[in-house]
Protein chains: 2
Amino acid sequence: MLDRIDRKIIEVLQQNSRASFVEIGKQIPLSASSARERIQKLEDLEIIKAYSLKVDHAKMGFGLEVFIMIKLFSGKLKSFMGAIDSFPEVKRASRITGSHNIHMKVVLKDQLHLQQFIDKLINYGEPTTHLILSELK
Amino acid sequence: MLDRIDRKIIEVLQQNSRASFVEIGKQIPLSASSARERIQKLEDLEIIKAYSLKVDHAKMGFGLEVFIMIKLFSGKLKSFMGAIDSFPEVKRASRITGSHNIHMKVVLKDQLHLQQFIDKLINYGEPTTHLILSELK
DNA sequence: ACTGAAAGCGACCAGAT
DNA sequence: ATCTGGTCGCTTTCAGT
């Protein structure tokens with residue numbers, strides 16, 4: 001249901017999602033129209049969920065990147081899930097197992113910004129913050 | 001150094017990094033060639049670091065997604081940083097502050113695969129695993 | 001499922017404001 | 001810094017295998 005060629009296509013797109021069908025085809029190898037057809041199918045099956053972008057947050061003025069885990073107060077899950085979309089600082093969030101219910105990647109300008117953000121979170125639960133020092137992968 | 005138009009371009013590309021320059025230009029609004037020129041600059045400055053892809057790992061046969069944090073044994077940092085590229089299961093890894101030194105997002109086929117992966121990690125430190133239940137954002 | 005051809009559209013490079 | 005016009009290459013569709 002997902003063969004070597006599909007996996008290769010996904011690999012190429014992971015490295016450069018703006019690659020043309022011609023370029024992708026060359027690396028398989030496959031004609032541009034066949035590459036296009038397979039990618040169309042991967043999109044339709046929602047195996048490819050989105051074409052996105054990696055940006056340098058620090059260069060955009062957000063020098064502080066952190067992981068925050070929250071132990072939500074009981075009954076706060078629903079309201080927190082609603083609020084999360086209104087926090088532009090939150091780049092990703094997941095429900096997880098363990099003593100903390102939520103894991104987030106958060107991007108902030110500076111310590112003051114972090115403090116203000118944590119002040120909002122403590123309405124929902126007990127946050128634990130880990131600064132990201134560097135990306136290894 | 002990075003105006004409203006640049007931010008808007010990045011926003012558009014974050015939603016669909018395969019958008020054509022014409023499409024991007026329409027949403028600013030800006031001519032295609034000006035959009036192209038600005039994007040070129042964002043790439044040159046490495047504010048745009050990569051064009052990437054979001055895939056549904058579960059549909060690719062990797063039904064288990066976890067966060068693993070490791071408290072490395074002393075002196076193991078360098079060898080771990082070297083080994084990390086050889087683990088295809090690791091999608092992202094960061095050095096972080098706190099009692100654990102490393103945070104990773106890891107994608108695995110099943111429990112057995114997780115067990116085998118953890119067995120590799122215990123050469124480097126003490127791992128703590130959190131299953132990802134769902135993605136909120 | 002893949003290819004190849006043809007038409008239309010976008011990318012890319014000039015040159016001008 | 002942005003735009004317009006022109007060329008070339010890519011995308012897209014479709015008929016054929």
Side-chain angles (χ1 to χ4, degrees), chain A residues 1-63 88-89 91 107-110 113, chain B residues 1-63 88-89 91 107 109-110:
Chain A
M1 159 215 157
L2 195 73
D3 65 10
R4 219 203 97 271
I5 295 175
D6 291 320
R7 290 177 196 281
K8 180 91 183 187
I9 287 173
I10 287 168
E11 219 172 89
V12 173
L13 285 171
Q14 260 163 357
Q15 282 167 3
N16 176 19
S17 63
R18 282 184 76 80
S20 71
F21 296 122
V22 173
E23 282 175 68
I24 296 162
K26 271 180 193 159
Q27 297 191 46
I28 303 302
L30 202 65
S31 70
S33 41
S34 292
R36 186 190 179 285
E37 204 171 299
R38 276 175 177 267
I39 289 166
Q40 186 65 56
K41 188 183 289 176
L42 292 170
E43 289 173 3
D44 293 344
L45 294 172
E46 287 176 297
I47 289 168
I48 292 177
K49 291 192 291 184
Y51 298 101
S52 193
L53 197 62
K54 288 202 197 312
V55 300
D56 190 320
H57 296 290
K59 287 182 180 157
M60 291 186 70
F62 291 81
E89 297 93 343
K91 294 300 163 192
V107 169
L108 305 135
K109 288 201 282 282
D110 49 34
H113 190 187
Chain B
M1 159 219 156
L2 195 71
D3 64 12
R4 219 203 97 269
I5 296 176
D6 290 320
R7 292 177 195 281
K8 178 90 183 186
I9 286 173
I10 287 168
E11 219 172 87
V12 172
L13 284 171
Q14 261 164 357
Q15 282 167 3
N16 177 19
S17 63
R18 281 184 77 79
S20 71
F21 296 125
V22 173
E23 284 175 65
I24 296 161
K26 272 181 195 159
Q27 299 191 47
I28 303 302
L30 201 66
S31 72
S33 44
S34 292
R36 185 188 179 283
E37 203 171 300
R38 276 175 177 268
I39 289 167
Q40 185 66 54
K41 188 183 288 175
L42 292 170
E43 290 172 6
D44 293 343
L45 293 171
E46 288 176 297
I47 290 168
I48 291 176
K49 291 193 291 187
Y51 298 101
S52 193
L53 198 62
K54 289 202 197 310
V55 300
D56 189 320
H57 296 291
K59 287 182 179 157
M60 291 186 70
F62 291 81
E89 296 93 343
K91 294 301 163 191
V107 169
K109 286 200 283 282
D110 49 34

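Naming: A, B, ... by sequence-line order, numbering from 1 per chain.
Axis orientation changes by 30° from one end of the helix from C:dA1-D:dT17 to C:dT17-D:dA1 to the other, with each end axis drawn from 5 pairs and the value rounded to 10°.
In this structure, A:F62 and A:H113 have side chains that are in contact, with non-hydrogen atoms separated by less than 4.5 Å.
Judged as a side chain to side chain contact (heavy atoms under 4.5 Å, CB included), and not counting sequence neighbours, the contacts of A:A50 are B:K54. Partners of B:V12 under the side chain to side chain contact (heavy atoms under 4.5 Å, CB included) rule, at least two apart in sequence or in another chain, are B:I24, B:Q27. Applying the side chain to side chain contact (heavy atoms under 4.5 Å, CB included) test to B:S34 and every residue at least two apart in sequence or in another chain returns B:L30, B:S31. Scanning for side chain to side chain donor-acceptor pair (under 3.5 Å) contacts around B:S52 gives an empty result, with sequence neighbours left out. A search for side chain to side chain contact (heavy atoms under 4.5 Å, CB included) contacts involving B:A58 returns B:D56, not counting sequence neighbours.
Scanning all heavy atoms of the two residues, the minimum distance from A:M1 to B:K59 falls at CE-O, 3.7 Å. A:A35 and A:I9 get closest at one heavy-atom pair: O-CD1, 4.5 Å.
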What donor-acceptor contacts under 3.5 angstrom involve side-chain atoms of residues 39-48 of chain B, with partners at least two apart or in another chain?
unit_1, atom_1, unit_2, atom_2, d
B:Q40, NE2, B:D44, OD1, 3.2
B:E43, OE2, B:Y51, OH, 2.4

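Residue pairs that meet the salt bridge (charged side-chain N to carboxylate O under 4.0 Å, His left out) test with at least one member in residues 17-38 of chain B, sequence neighbours left out, are B:D3-B:R38, B:D6-B:R38.
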Open item on the list: At under 4.0 Å between heavy atoms, how does the protein contact nucleotides 5-17 of chain C? Give one character per nucleotide, 5' to 3', with B, S or -.
Closed with: -----SSSS----
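Taking every nucleotide of DNA chain D with any atom under 4.0 Å from a non-hydrogen atom of chain B, the first and last of them, 5' to 3', are D:dA1 to D:dT4.
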